[in-house]
Amino acid sequence: MTEEEKPSNFIRDFIDEELAAGKHSQIVTRFPPEPNGYLHIGHAFAIGVSYGIAQDYKGKFHLRFDDTNPEKEDTEYVDAIKEDLRWLGADWGENLFFASDYFEQLFDWAKGMINEGKAYVDDLTPDEMREYRGTLTEPGKNSPYRDRAPEENLELFEKMAAGEFDEGAKVLRAKIDMAHPNMNMRDPVLYRILKAEHHRTGDKWKIYPSYDFTHGQSDAIEGITHSLCSLEFEYHRPLYNWFIENLPVPHTPRQIEFARLNVEYIITSKRKLLQLVNDNHVDGWDDPRMPTIAGLRRRGYTPEALKEFCERAGVAKRERVNEYALLEYCLRQDLEGKATRRMAVLDPLKVVIENFPEETEWYEGPNHPADEARGKRKVPLTKEIYIERDDFMEDPPRKFFRLGPGREVRLRYACYITCTDVIKDDEGNIVELRATFDPESRGGSTPDGRKVKGTIHWVSATENVEIEARHYEQLFTKTNPNEVEEGQTFIDNLNPDSKNVLKVYGEPELANATAGEPFQFERKGYYILDTESEDGKLVFNRSVGLRDSWGKKQQKK
RNA sequence: AGCCUGAUGGUGUAAUGGUAGCACAACUGGUUUUGGUCCAGUCAGUCGGGGUUCGAAUCCCUGUCGGGCUGCCA
């Protein structure tokens, strides 16, 4: 690790101190997803923090599924999460674990706590428990069942485990302090009765440990040195430590919290993402508008761009919201070097080059302007072509460098054309342009060395491939989708125009596009073949548009 | 209200008692067969008040503002 590459942060500083004090022989971190949804960009950040630290300190990285709530969890999610993790480049090697692997051990520890008088079976209903817990300002009061004898507790707990009670009838609680200022310490629930089918243990268990009773102990069992999690668990840390201190665990992990990653226009609540999918506001978890890893991948984001974004966002202790522009910058930055260049016309305007021969002429364009090794492709030019509608103006302002009546521009990679006539329909709409080309300009320059201000992209009107291009806007209209008027929900902030489908003409070479290969449609944006493409039907997703300082300038006027 | 926690340009993040730096955004200009990329530059910041100190973004006190916490979710 070098300082230049990895800026330090408070977690790394802390680890450095511990290492200097000889506290660890090896750093071990973990990523603990609950398999109840798909991974999203916020998870990519969390993974980057834990995996990055494990890598940089030459330590180990565990993947542990936190599967203590069978009602919400499923193997479908386990598989999807693994795939996303691999794609992101996080390698857990042999270290794949499940919290459910520790159910037996956790059960033994619970019984141990009962024997020591540190846990008891409570018959209070959920409502009663809430009442007894007190409030933020007032202490709670002891449950009438709090002082049951260990023998009775043990018997009851065994019966709970044997399925002799209904769901919700009883819970096992730690006996800590009902007046504790930290609500988490007011006799937290250790086990609850749940008769759902667990994705790994089936119907073996009728009771399941709570997150608090599972997480730290799992860390301890695995020898995790630094259990990195988000800020919301700060308040749970005293409890995390309490279990580590009160149970005969083999190791003492340390929980350190950091702020989640938030991005403008993006929601990262699993519950809300699930709602978008279930209510068909989007086309599934991998909809290119979704902030899920699957969605971003389909949209054309690369692991490198995501990683760069996470690193630039940094690790902090306060809630923050990153600008969407940074995310786009990171993608463009990565794609600029990777994307194969092609030409496609998104909003066609036909141009007839009147003095152009009837035969097709073939020109060559580099696959990448800065990398000759990537070769060239041939592009056919014919008498009739399409250009971009906004590359022509009948009455252009002074700073407009593109085509206009009497103006000359360069067709990229090909030749110069001059607009000679504008053809309109009855309503005055421009439907076609007439032009002439300079035979001397073949190749893109002329012997007289005259300059043309503009170079525009084009596609033959007769030798092209028709493709469907999908353009996406923000899924939400507000930078903070959760900001709503009284009585509304985030659903009301959905952008009705977040998906636009265009019929586009592309140069013939585009027919050979392969899945996962990034393209730049020159002067327009970065695109990638969509998973819905089939033989004869090419569908491209726009990953992100090119920066457009001209368009931006125009919008301001 | 109680407890926990935080506050540096528009945004994000460094500086750990010694010149407030970097990136994105915005804006200029240069290069360019992409109004892209690249290059150069400009704009702009320590929440308020007190204190300690030769010296404070940093330490102390205090105020203000923000986030989190009252699931048998994680």
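Heavy atoms only: backbone and side chains are in, while hydrogens, waters and symmetry mates are out. Below, chain A is the first sequence line, B the second, and so on; all start at residue 1.
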Which atom pairs link the protein and nucleotides 58-60 of chain B when you take only N or O atoms and keep those under 3.5 Å?
none

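The nearest whole Å value for the distance from the CD atom in A:Q255 to the P atom in B:rC4 is 17 Å. In this structure, A:D13 atom CG and B:rU13 atom C1' are separated by 13 Å, rounded to whole Å. The separation between A:R398 atom CZ and B:rG35 atom P is 19 Å, rounded to whole Å. Across the protein-nucleic acid pair, A:F258 atom CZ and B:rU5 atom P stand 18 Å apart, rounded to whole Å. One atom, CG of A:N241, and another, C1' of B:rC4, lie 14 Å apart when rounded to the nearest Å. As a whole-Å value, the separation of A:R312 CZ from B:rC24 C1' is 7 Å. Atom CD of A:E257 is separated from atom P of B:rC4 by 14 Å (rounded to the nearest Å). Separating the NE2 atom of A:H457 from the P atom of B:rU34 is a distance of 13 Å, rounded to the nearest angstrom.
Across all strands, A:R410 comes closer than 4.0 Å to base atoms (heavy-atom distances). Residue A:Y132 is classed as having no contact, given no heavy-atom separation below 4.0 Å to the nucleic acid. Within the 4.0 angstrom heavy-atom criterion, no nucleotide atom of any strand lies near A:K270. The residue A:E234 sits close only to the backbone: its heavy atoms come under 4.0 Å of sugar-phosphate atoms, none of a base. Heavy atoms of A:V452 sit nowhere under 4.0 angstrom from any nucleic acid atom. Within the nucleic acid shown, A:Y208 has no heavy atom closer than 4.0 Å to any nucleic acid atom.
A side-chain donor from one of A:H215 and A:R30 sits under 3.5 Å from a side-chain acceptor of the other. With 3.5 Å as the limit, one finds a donor-acceptor pair spanning the side chains of A:D448 and A:T446. In this model, no donor atom of one side chain and acceptor atom of the other lie less than 3.5 Å apart for A:Q255 and A:H236. Side-chain atoms of A:H457 and A:E522 include no donor-acceptor pair closer than 3.5 Å. No hydrogens or angles considered: nothing links the side chains of A:Y413 and A:E507 as a donor-acceptor pair under 3.5 Å.
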**Asked** Does the side chain to side chain contact (heavy atoms under 4.5 Å, CB included) test come out yes or no for A:R523 and A:D391, once each step is laid out?
**Response** CA-CA 11 Å; A:R523 302 209 302 138; A:D391 279 340; 2.3 Å; yes

**Prompt:** ring pair (Phe, Tyr, Trp, His ring centres under 6.0 Å) between A:F521 and A:F540: does it pass, once the steps are laid out?
**Reply:** CA-CA 11 Å; A:F521 290 179; A:F540 281 87; 5.5 Å; yes

**Item:** Stepwise side chain to side chain contact (heavy atoms under 4.5 Å, CB included) test for A:Y77 and A:E73
**Value:** CA-CA 7 Å; A:Y77 296 122; A:E73 298 152 6; over 6 Å; no

**Request:** Take A:R442 and A:F437, measure what side chain to side chain contact (heavy atoms under 4.5 Å, CB included) needs, and give me the verdict at the end.
**Result:** CA-CA 9 Å; A:R442 278 195 264 244; A:F437 90 114; 3.7 Å; yes

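Proximity of A:L327 to A:I41: side-chain heavy atoms (C-beta onward) are separated by under 4.5 Å at one or more points.
The same atom, P, is picked in B:rA15 and in B:rG6; the two are 15 Å apart, to the nearest Å. Comparing B:rU58 with B:rU19, their P atoms sit 14 Å apart, to the nearest whole Å. Nucleotides B:rG29 and B:rG68 are separated by 48 Å at their C1' atoms, to the nearest Å. Spacing between B:rU62 and B:rC24 at atom P, rounded to whole Å, works out to 41 Å. The gap from the P atom of B:rA14 to that of B:rG9 amounts to 13 Å, rounded to the nearest Å. If you take atom C1' in B:rC39 and the same atom in B:rU31, they sit 8 Å apart, rounded to whole Å. The gap from the C1' atom of B:rU5 to that of B:rC73 amounts to 23 Å, rounded to the nearest Å. Across B:rC43 and B:rA26, the matching C1' atoms stand 8 Å from one another, rounded to whole Å.
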**Request:** Classify every nucleotide of nucleotides 36-46 of chain B by which part a protein heavy atom approaches to under 4.0 Å, writing B for the base, S for the sugar-phosphate alone and - for neither, in 5'-to-3' order.
**Result:** BSS--------

**Complete:** For nucleotides 68-74 of chain B, 5' to 3', base contacts (B), sugar-phosphate-only contacts (S) and non-contacts (-) with protein non-hydrogen atoms under 4.0 Å give BBBSBSB

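When each of A:F213, A:Y120, A:Y208 is tested with A:Y191 by the rule ring pair (Phe, Tyr, Trp, His ring centres under 6.0 Å), just one qualifies, namely A:F213.
Taking the side chain to side chain donor-acceptor pair (under 3.5 Å) definition, one finds that A:R192 meets it with nothing, sequence neighbours left out. Residues meeting the side chain to side chain donor-acceptor pair (under 3.5 Å) test with A:E336, sequence neighbours left out: A:Y526.
Residues A:E264 and A:D391 both approach RNA chain B. Their nearest nucleotides, taken by heavy-atom distance, put A:E264 toward the 5′ side. If A:S445 and A:R237 are placed on RNA chain B by their nearest nucleotide, the residue sitting closer to the 5' end is A:R237.
For A:A316, whose side chain is taken as the heavy atoms from C-beta onward, the closest listed nucleotide among B:rU34, B:rC4, B:rU13 is B:rU13.
The number of heavy-atom neighbours closer than 6.0 Å to CZ of A:R320, taken from other residues, nucleotides and ligands shown, is above 12.
By the 6.0 Å and 45° rule, A:R342 does not stack over the aromatic ring of A:F519.
Look at B:rG71: its glycosidic torsion is within 90° of 0, and that puts it in the syn range.
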**Item:** Nucleotide pairing, RNA chain B (Watson-Crick or G-U, distances under 3.5 Å), in dot-bracket with [ ] and |
**Value:** .((((((..((((....[..)))).(((((.......)))))....(((((..]....))))))))))).....

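A close approach under 4.0 Å does occur between a side-chain nitrogen or oxygen of A:K552 and OP1 or OP2 of B:rA26.
Aromatic rings of A:F45 and A:F309 (six-membered ring for Trp) have centroids beyond the 6.0 Å cut-off, not under it.
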